[in-house]
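Structure first, commentary second.
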Amino acid sequence: MNDLSPIYDSLVIGGGPAGLTTAIALAETGAKTALLARRAPYADNRTTALLGASVDLLERLNVWPRCHDQAAALRTMRLVDDTGRLIRSPEVRFCSDEIGLEQFGYNIDNRSLMVALEARAAEFSNLTRFDDEATTIDPQDASVAIATGKGEHLAARLVVGADGRQSPSRQAAGIEISRRDLHQSALTFNIAHSRSHNNVSTEFHTPQGPCVFVPLPGNRCSVVWVSAAREAERLMSLGDDELSEAAERQSHSILGRVRVEAGRNVFALTIERPEQFASHRVALVGESAHVVPPIGAQGLNMGLRDAADIADIAGNAISLGEDPGSPAVLARYQSARRSDVASRLIAIDVANRSLLSDFLPMQSLRAAGMHLLGSFGPLRRLAMREGLAPTWKRVS
Ligand SMILES: Cc1cc2nc3c(=O)[nH]c(=O)nc-3n(C[C@H](O)[C@H](O)[C@H](O)COP(=O)(O)OP(=O)(O)OC[C@H]3O[C@@H](n4cnc5c(N)ncnc54)[C@H](O)[C@@H]3O)c2cc1C
């Protein structure tokens, strides 16, 4: 950096869905923003079930109109006990019209979402893109100094670390995380099928984890199949015909004949929680801040709430003449995110453990809980509303 180099109000490191959304939301506030992220085609075939508030945010940021054609509405969520155990839970159905909504949200393939985010990010004159990566991140008193792979030297008052699970920004800020390996993996692939999904997402609970069929446009679904790590590797190695058969069997043929599409990925599952969400002029968003297994579609939905909160808080600070990377501003972000993320991490962990447990009293408790959810309307409606976004985050 030389004396003429600008000091950005905020600089986002990492161009996954959380980073791009944060950069757009910050630019939208008028902040002088930089995005340091390699432009590369999205690498896997994952899809995201975006719940209501996430869709509202993407709508507000003028991203959703560019990709909603690629998304399928999620109107009903079915939870089916497929453990084959002595004590089984009753089926629970969550219907969006029960809480006055046309849909809970939409399922979209991440590639389409990323194309829309990239297109929107390119429109801001106050958002400078560096197609590069951060090699050093050095938080100092008045700003953070960043060196890039191509030899650029940048500085910003606030760095937003959206650089994923290994997060160099988190390390630079000295933020520790606790990580627990779940010894489970998720196999992801997409299928075409002969019967309509009717906008119903169905989650089969197996003794190794959930296997969920989530609607995509047309007679297609994305599949996230969680199992023991070795079983996921076995499924991954099957030929297309064998995997199609296995998926049809696992879905109990509710979707008719199943044909797997090209492209599969396996993700090792962990739960990761940070000690702090921000420190030393660095705020964390997305998977640099929290990693959860794909249960209840919470991961990126939390990441988008991180993006909205840091943009609101930093944007307000800048408009009041405050330093967006100051300890006071970072403390506001910390307090905005802590309860939301902590409560979801606990709920997901408990749901996963209760499914895997061979302990009979735990299975009874799980069955009783599901029975209550299925039969007691107010509780079911509360669970639906809390699943979409925490109560204290909703405007109406
Ligand atoms: C099987 C599966 C299914 C899922 N389904 C859902 C779902 O239905 N709903 C939901 O809400 N969530 C879901 N999730 C979670 C969701 O996929 C993640 O939360 C999300 O992809 C994380 O996005 P991110 O932007 O935080 O991280 P990433 O996508 O990992 O992006 C991080 C980026 O930072 C870049 N980077 C790293 N280091 C540097 C550096 N030094 N300089 C510059 N850039 C750097 C990386 O190259 C990468 O592009 C699922 C997850 C899995 C595994």
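Each ligand, and each atom within it, is numbered from 1 in the order the structure gives. Below, all heavy atoms of this structure are taken into account, side chains as well, without hydrogens, waters or symmetry copies.
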Within 6.0 Å of CD in Q166, more than 12 heavy atoms from elsewhere: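 No, CD of Q166 has 12 or fewer neighbouring heavy atoms, counting only those of other groups under 6.0 Å.
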Ligand-side contact atoms (ligand 1) for residue partner T48, heavy atom cut-off under 4.0 Å: 7 (C), 8 (O), 9 (N), 10 (C), 11 (O)
To check your reading of the model: name the closest protein heavy atom to [atom], its residue, and the distance in Å.
atom                    : answer
atom 8 (O) of ligand 1  : A49 N, 2.9 Å
atom 35 (C) of ligand 1 : G14 CA, 3.9 Å
atom 19 (O) of ligand 1 : L300 N, 3.3 Å
atom 38 (N) of ligand 1 : D163 CB, 3.7 Å

Ring geometry between W64 and H68 (parallel below 30°, tilted from 30 to 60°, perpendicular above 60°):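 Taking W64 first and then H68, their aromatic rings sit tilted (interplane angle of 30° to 60°).
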T188, portion touching ligand 1 at heavy-atom distance under 4.0 Å: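 Looking at T188 and ligand 1, just side chain atoms fall under 4.0 Å.
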Distance-only polar pair, side chains of N107 and S201, donor-acceptor under 3.5 Å: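 No.
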Considering only protein heavy atoms, determine whether one is less than 4.0 Å from [atom].
atom                    : answer
atom 31 (O) of ligand 1 : yes
atom 48 (C) of ligand 1 : no
atom 22 (C) of ligand 1 : yes

Output field: ring centroids H252/F204 closer than 6.0 Å: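 Yes; F204 has its ring centre under 6.0 Å from that of H252.
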Residues which pass salt bridge (charged side-chain N to carboxylate O under 4.0 Å, His left out) with R75, listed by chain and number, not counting sequence neighbours: none
Heteroatom distance test (A18, ligand 1): nitrogen or oxygen, under 3.5 angstrom: yes
Test: D240 and R264 ion pair at under 4.0 Å: yes
